[in-house]
Amino acid sequence: MAQTKYITQLELRESFDIRMISQLAKYDGDPDDGTSNAAVANAIEKASAEIQSYALRGDRYTADDLDTIHDADDWTLKGLCSTLTMKHLFRGKAA
């Protein structure tokens, strides 16, 4: 089963400067346009999984609750996912 993703790569570009994303999106030194990149997709999946893990812990929220927030195009959720995505991209670059 594919991991739920709370933002798209294009939405990530709405939250962070494309130049920063481009620097982090590829590890060979060449910038990437950040629109369709495996490293960015992986970081989005990790960020979404992290959100889901914390939200479902303690049974306060359900996966359906998160889907409802996502379907409502809530930028609170998308902003959190964007920030966590960048965290995972930074971690990947540092390694």
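For the single chain, residues carry numbers from 1 onward in sequence order.
At a threshold of 4.5 Å between non-hydrogen side-chain atoms, the residues Tyr6 and Leu66 count as touching. Asp65 is not listed as a side-chain neighbour of Arg60, based on a closest heavy-atom distance of 4.5 Å or more. Contact annotation: the side chain of Met20 approaches that of Leu24 to within less than 4.5 Å [non-hydrogen atoms, C-beta and beyond]. Residues Ile51 and Lys46 fail the side-chain proximity criterion, which asks for heavy atoms closer than 4.5 Å. When side chains are defined from C-beta on, Trp75 counts as touching Glu14, because their heavy atoms get closer than 4.5 Å.
The closest donor-acceptor contact from the side chain of Thr85 to the backbone of Ala47 lies at 3.5 Å or more, if one exists at all. Remark: side-chain polar atoms of Glu45 are not paired, donor with acceptor, to backbone N or O of Lys5 under 3.5 angstrom. The backbone N or O of Ala49 lies less than 3.5 Å from no partner atom in the side chain of Ser53, so there is not a single donor-acceptor pair. Listed for the Asp74 side chain is no donor-acceptor partner under 3.5 Å among the backbone atoms of Ile69.
Put simply, CG on Leu12 and SG on Cys81 are 8.5 Å apart, with the number rounded to the nearest 0.5 Å. A distance of 11.5 Å separates OG of Ser15 from CG of Leu10, quoted to the nearest 0.5 Å. To the nearest 0.5 Å, the span separating NZ on Lys78 from OG1 on Thr8 amounts to 7.0 Å. Annotation: the span from Leu80 atom CG to Leu84 atom CG amounts to 4.5 Å, rounded to 0.5 Å. Atom CG in Asp17 sits 8.0 Å away from atom OG in Ser22 (nearest 0.5 Å).
Between His88 and Glu50, the side chains place a donor N or O and an acceptor N or O closer than 3.5 Å (distance only, hydrogens not considered). For the residue pair Thr62 and Asp64, no side-chain donor N or O sits within less than 3.5 Å of a side-chain acceptor on the partner.
Annotation for Tyr61: atom OH does not count as buried by contact number, only 12 or fewer foreign heavy atoms lying within 6.0 Å.
Of all heavy-atom pairs spanning Ile21 and Met86, the tightest one is CG1-SD, 4.0 Å.
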